[in-house]
Participant: 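Can you read through this structure? Questions will come right after.
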Amino acid sequence: MASPLSPARSQYEEQGDDVVFRCAACALCCGALAAAAAAFGCTNQVLTIFAPELSWLFLAPSLLIVVVGLVGLCGSRRVASTLFRMQLAVFLLVLAALLAAAGVFAYISASAAADWIDAGCDGHEATGLWKDAGRIEEKMKHVHEQYTVLKNGWTTCRSLNPLIYDLASCGLRAQCADGKRADSQPLFAFFQHLQLTFACGGFCTDQVPLFGLASIGETLERRSACAVKVADSVESLGHIFGGLAVAVAVPVGIIAMVLFWAVGRAPEAFDDYDDDYDDDGYEPQGPDKFMAPE
């Protein structure tokens, strides 16, 4: 017959580990907040084209923090354990460090990407080459080529029907040099989003926009280059993500420290108390209380 638990341990098992529950719940909330922000970045068309690594590096540790938080919530229903608290604290501390590192990287990388976008356009206007665009040279070249293709399709469309101002309304009239319709081009939706959101014109130069025009007068007005606003958007989003990552990493690290501090309160602290009870659940009295068990 199994020996009964001491009153202290029995009560602790019924209540579960409240320290782990609270810490895990806070970590889960922090991770969910960071993951939501990172998910927004993953859906942002500008970041997806020019700096997709910013969102993914932010998302990975955030999701892991959510997972660890869920594991902690499930584990908090059991009797407290020094080992479990220690493991949870170590995982959260490591993930907090990774999240903070991802935030610093995002902050620095976003500034570098913005500089490459500006320098790439300046270099292309001066020499026709994209070598000044650094690591995003191929991306800049591809985006500019797509803009040129779409612009040619828009020009073809308007030559057939001058009363059509918006490339999205051209349909079959916007036949591009590769034989495809403009709305079949890979970056059609990207440039539509870009020009409507930022109210910009050409990619590297000030031009008449291809989308969002409603009158013939607007076809005569040039707007600022989209690349400048793309660079500003990448830099600002990278700085926001970087700051948010560090802001989330700090409380997660504090939660890990709280768990380290609470390790001594795990049920193992009740072991000496339980040893005061015999197999029948009663405390020995007299000299037998100080004798070692056989």
Participant: Give me the atom names and distance for the closest heavy-atom approach of R85 to V20.
Facilitator: CG-CG2, 3.6 Å
Participant: Is the shortest heavy-atom distance from the side chain of V208 to the side chain of L213 under 4.5 Å?
Facilitator: yes
Participant: What closest approach, in Å, do A37 and L244 show between heavy atoms, and which atom pair accounts for it?
Facilitator: CB-CD2, 3.3 Å
Participant: Could you check whether any side-chain heavy atom of I240 comes within less than 4.5 Å of a side-chain heavy atom of Y107, counting everything from C-beta outward?
Facilitator: no
Participant: Looking at F50, I want to see if its CZ is surrounded by more than 12 non-hydrogen atoms of other residues, nucleotides or ligands under 6.0 Å.
Facilitator: yes
Participant: How close do A34 and S62 get, counting heavy atoms only, and between which atoms?
Facilitator: CB-OG, 3.2 Å
Participant: Output, in order, the C-alpha distance, side-chain angles, deciding distance and verdict of side-chain contact (heavy atoms from CB on, under 4.5 Å) for V67 and L63.
Facilitator: CA-CA 6 Å; V67 171; L63 288 178; 5.5 Å; no
Participant: Does a side-chain heavy-atom distance below 4.5 Å link Q45 with T197?
Facilitator: no
Participant: List the atom of A256, the atom of A89, and the distance in Å for their closest heavy-atom pair.
Facilitator: CB-O, 3.4 Å
Participant: If you define the side chain from C-beta out and look only at heavy atoms, does anything of V263 sit under 4.5 Å from L259?
Facilitator: no
Participant: Following the transitive rule for hydrophobic clusters with a side-chain heavy-atom cut-off under 4.5 Å over Ile, Leu, Val, Met, Phe, Trp and Tyr, establish whether L187 and V46 coincide in one cluster.
Facilitator: yes
Participant: State, with a plain yes or no, whether a side-chain heavy atom of E53 is found less than 4.5 Å away from one of F105.
Facilitator: yes
Participant: What distance do T155 atom OG1 and L167 atom CG have between them, rounded to the nearest 0.5 Å?
Facilitator: 9.5 Å
Participant: Partners of R181 by salt bridge (Lys or Arg N to Asp or Glu O under 4.0 Å), sequence neighbours excluded?
Facilitator: D183
Participant: In terms of heavy-atom contacts, does CZ of F21 have more than 12 from other residues, nucleotides or ligands at under 6.0 Å?
Facilitator: no
Participant: Can you confirm whether I216 is buried at CD1, in the sense that more than 12 heavy atoms of other residues, nucleotides or ligands lie under 6.0 Å from that atom?
Facilitator: no
Participant: Could you check whether any side-chain N or O of W154 sits under 3.5 Å from a backbone N or O of Y165, counting only pairs where one atom can act as donor and the other as acceptor?
Facilitator: yes
Participant: Quick one: pull up CH2 in W130 and NZ in K139 and give me the separation to the nearest 0.5 Å.
Facilitator: 14.5 Å
Participant: Return the minimal non-hydrogen interatomic distance between V252 and L92, and the atom names on each side.
Facilitator: CG1-O, 3.6 Å
Participant: Could you measure the distance from the CG atom of L33 to the CG atom of L28? Nearest 0.5 Å is fine.
Facilitator: 11.5 Å
Participant: Side-chain heavy atoms nearer than 4.5 Å, only ILVMFWY residues, links allowed to pass through others: does that put L95 and L70 together?
Facilitator: no
Participant: Is there a side-chain contact between L54 and L237, using heavy atoms and a 4.5 Å cut-off?
Facilitator: no
Participant: Closest heavy-atom contact between G238 and A110?
Facilitator: CA-CB, 3.4 Å
Participant: In the single-linkage hydrophobic clustering (I, L, V, M, F, W, Y; side-chain heavy atoms under 4.5 Å), do W56 and V104 co-cluster?
Facilitator: no
Participant: Judged by atom type as modelled, is there a donor-acceptor pair below 3.5 Å linking the side chain of D206 to the main-chain atoms of A225?
Facilitator: yes
Participant: Step by step, work out the side-chain contact (heavy atoms from CB on, under 4.5 Å) result for F91 and V71.
Facilitator: CA-CA 11 Å; F91 278 119; V71 171; over 6 Å; no
Participant: Show your reasoning for whether side-chain contact (heavy atoms from CB on, under 4.5 Å) applies to I117 and M140.
Facilitator: CA-CA 7 Å; I117 292 172; M140 291 288 290; 4.1 Å; yes
Participant: Measure the CG-CZ distance between L88 and F260 for me, rounded to the nearest 0.5 Å.
Facilitator: 9.5 Å
Participant: Parallel, tilted or perpendicular, judged at 30° and 60°: which one describes the rings of Y147 and F191?
Facilitator: tilted
Participant: Does Q175 use its side chain to pair, donor to acceptor, with the backbone of G153 at less than 3.5 Å?
Facilitator: no
Participant: Would F40 and F241 count as a side-chain contact (heavy atoms from CB on, under 4.5 Å) if you check the C-alpha gap in whole Å, the side-chain angles of each, and the deciding distance to 0.1 Å?
Facilitator: CA-CA 10 Å; F40 166 77; F241 286 168; 4.3 Å; yes
Participant: Measure from the side-chain N and O atoms of T127 to the backbone N and O of G123, and report whether any donor-acceptor pair falls under 3.5 Å.
Facilitator: yes
Participant: What's the spacing between K229 NZ and S236 OG if we round to 0.5 Å?
Facilitator: 13.0 Å
Participant: Ring-plane angle category for H193 and F198, please: parallel below 30°, perpendicular beyond 60°, tilted otherwise.
Facilitator: perpendicular
Participant: Just wondering, are more than 12 heavy atoms of other shown residues or ligands nearer than 6.0 Å to CZ in R223?
Facilitator: yes
Participant: Please answer: with hydrophobic residues joined when any side-chain heavy atoms are less than 4.5 Å apart, are F211 and V230 in the same cluster?
Facilitator: yes
Participant: Just wondering, do T156 and R173 contact through their side chains at under 4.5 Å, heavy atoms?
Facilitator: no
Participant: What do you reckon, is NZ of K151 surrounded by more than 12 foreign heavy atoms closer than 6.0 Å?
Facilitator: no
Participant: Does any part of the side chain of F190, heavy atoms only, come nearer than 4.5 Å to the side chain of V143, both counted from C-beta?
Facilitator: yes
Participant: Can you list everything that forms a ring pair (Phe, Tyr, Trp, His ring centres under 6.0 Å) with F203? Sequence neighbours excluded, please.
Facilitator: none
Participant: How far does CD of E137 sit from CG of L129, to the nearest 0.5 angstrom?
Facilitator: 8.0 Å
Participant: F84 and L73: same hydrophobic cluster, using ILVMFWY side-chain contacts below 4.5 Å?
Facilitator: no
